[in-house]
Amino acid sequence: MKKPRRSKSEPGVDGPAGTAMIWGIHPVSELLRRRPNLVLTVFLAPERDDAKARNIGELAVHHRIRVQQGLPPEQAETTAHQGVAALIKTPTPLSLGELLARTTGPPLLLMLDSLQDPHNLGAVIRSAAAFGVNGVILPKDRSAPITGTVMKAAAGTLPLVEICQVTNLADSLRKLKEQGFWIYGAAGDAPTTIYQTDFNGPICLVVGNEQKGIRPLLRRHCDFLISIPLAAGVESLNVSVAAGIMLAEIRRRQLPPSVG
């Protein structure tokens with residue numbers, strides 16, 4: 001195809017206002033390596049006396065971050081913590097203008113419309129990081145907030161992706177078009193597949209809600225609606241899987257083949 005021209009906080013996940021609890025070896029390690037300024041306190045269970053746990057403790061000490069022996073009681077009871085947790089400052093989302101100022105080529109942005117499940121949100125962020133997305137655009141309302149559950153599902157990749165939060169997704173799409181972006185909407189009923197689509201230039205991929213997909217208003221703002229061809233008998237894919245497949249194909253088209 002050629003081109004024409006927030007929900008309630010989860011118990012045991014969040015700390016005081018402006019903070020969140022995260023847990024697990026990899027998420028805590030990656031934050032200490034890449035965004036130590038966000039980490040307030042590291043918690044280590046006494047039974048975790050191994051190289052990975054010691055490395056986390058050493059990183060925290062290196063960055064002058066408090067290390068506390070033992071996990072918060074609610075953390076130990078309700079989460080798969082792997083004996084490691086951290087209290088962090090909630091990352092401050094960028095505005096659309098700030099995101100665009102940090103976006104380098106070939107530009108690829110991902111907009112998420114009303115994604116409510118924190119596990120899906122974290123998994124989508126992980127896919128976005130894997131394929132070098134410049135930023136993920138979320139609405140201030142109608143979206144799962146960035147909590148410890150999201151960070152755990154993102155498996156340590158949250159520091160690799162810029163998060164942008166906007167009031168109005170439709171207005172943001174208009175602004176992106178003014179900046180030369182082509183808008184592609186993921187729609188299972190679209191007759192044109194990702195393999196029939198011409199992906200080049202600045203791109204924003206819009207992915208919708210787990211049940212209803214992209215809202216009609218945002219569909220009307222898309223330049224193209226695209227789908228993933230599925231085998232007979234399969235009606236749909238999980239939103240994080242679908243987003244990953246589409247992002248991989250877009251990047252394959254955008255980026256020149258590597259020279260071996």
Side-chain angles (χ1 to χ4, degrees), residues 1-6 91-116 120-121 124-125 127-144 146 160-210 212-228 239-240 242-256:
M1 178 175 65
K2 298 296 181 183
K3 297 174 181 172
R5 169 26 218 151
R6 179 158 151 173
T92 303
L94 302 178
S95 67
L96 185 61
E98 290 170 332
L99 175 60
L100 289 173
R102 299 186 187 189
T103 297
T104 56
L108 176 57
L109 302 178
L110 177 62
M111 177 179 285
L112 304 180
D113 178 25
S114 308
L115 213 61
Q116 304 286 352
N120 279 341
L121 177 56
V124 170
I125 289 172
S127 292
F131 298 109
V133 169
N134 296 102
V136 175
I137 303 172
L138 305 172
K140 290 184 178 178
D141 300 314
R142 294 180 176 170
S143 175
I146 301 294
L160 305 178
V161 180
E162 300 287 6
I163 301 296
C164 170
Q165 204 170 49
V166 299
T167 302
N168 188 306
L169 293 181
D171 184 59
S172 297
L173 289 180
R174 284 192 291 267
K175 292 176 180 176
L176 288 174
K177 288 185 179 185
E178 292 172 359
Q179 296 297 317
F181 278 79
W182 295 97
I183 312 301
Y184 293 82
D189 59 352
T192 304
T193 76
I194 57 174
Y195 306 120
Q196 300 167 322
T197 303
D198 178 25
F199 294 116
N200 54 60
I203 290 172
C204 178
L205 174 65
V206 184
V207 175
N209 176 274
E210 296 90 345
K212 298 181 180 179
I214 303 172
R215 286 174 292 151
L217 174 62
L218 292 186
R219 282 177 69 115
R220 292 196 293 271
H221 280 83
C222 293
D223 296 306
F224 309 102
L225 295 176
I226 54 176
S227 62
I228 300 170
V239 62
S240 62
I245 292 171
M246 289 189 164
L247 291 172
E249 180 62 16
I250 292 171
R251 272 307 194 207
R252 186 181 74 83
R253 304 287 191 87
Q254 280 187 321
L255 298 175

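Computed from a predicted model, the values in this text were never measured in an experiment.
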Suppose we screen for salt bridge (charged side-chain N to carboxylate O under 4.0 Å, His left out). Which residues come up paired with Glu249, at least two apart in sequence or across chains?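 By the salt bridge (charged side-chain N to carboxylate O under 4.0 Å, His left out) rule, Glu249 matches Arg252, Arg253.
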Below 4.5 Å, heavy atoms only, C-beta onward: do [X] and [Y] meet side chain to side chain?
{"X": "Pro106", "Y": "Arg251", "result": "yes"}
{"X": "Ile183", "Y": "His221", "result": "no"}
{"X": "Leu109", "Y": "Leu100", "result": "yes"}
{"X": "Gln179", "Y": "Pro202", "result": "no"}
{"X": "Phe224", "Y": "Thr197", "result": "no"}
{"X": "Val124", "Y": "Leu115", "result": "yes"}
{"X": "Ile125", "Y": "Ile146", "result": "yes"}

Can you check whether Arg215's main-chain N or O pairs, donor with acceptor, with Asp113's side chain at less than 3.5 Å?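 Yes; judged by distance alone, with no hydrogens or angles, the pair exists.
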Given side chain to side chain contact (heavy atoms under 4.5 Å, CB included), test Leu110 with Val161 step by step and report yes or no. CA-CA 11 Å; Leu110 177 62; Val161 180; over 6 Å; no
Say you draw a straight line from [atom1] of [X] to [atom2] of [Y]; how long is it, rounded to the nearest 0.5 Å?
{"X": "Leu225", "Y": "Asp223", "atom1": "CG", "atom2": "CG", "value": "9.5 Å"}
{"X": "Leu205", "Y": "Phe131", "atom1": "CG", "atom2": "CZ", "value": "12.0 Å"}
{"X": "Asp198", "Y": "Tyr184", "atom1": "CG", "atom2": "OH", "value": "6.0 Å"}

Taking only distance into account, with no hydrogens and no angle test, what donor-acceptor pairs under 3.5 Å do side-chain atoms of residues 166-173 form with protein atoms, sequence neighbours excluded?
unit_1, atom_1, unit_2, atom_2, d
Asn168, OD1, Ala170, N, 3.0
Asn168, OD1, Asp171, N, 2.8
Asp171, OD1, Arg174, NH2, 3.4
Asp171, OD2, Lys175, NZ, 3.3
Ser172, OG, Asn168, O, 3.0

Residues Val133, Leu247; criterion side chain to side chain contact (heavy atoms under 4.5 Å, CB included); working and verdict: CA-CA 8 Å; Val133 169; Leu247 291 172; 3.8 Å; yes
What pairs of residues pass the side chain to side chain donor-acceptor pair (under 3.5 Å) test when at least one of them lies in residues 95-108, not counting sequence neighbours?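 Sorted pair list: Ser95-Glu98, Arg102-Glu162.
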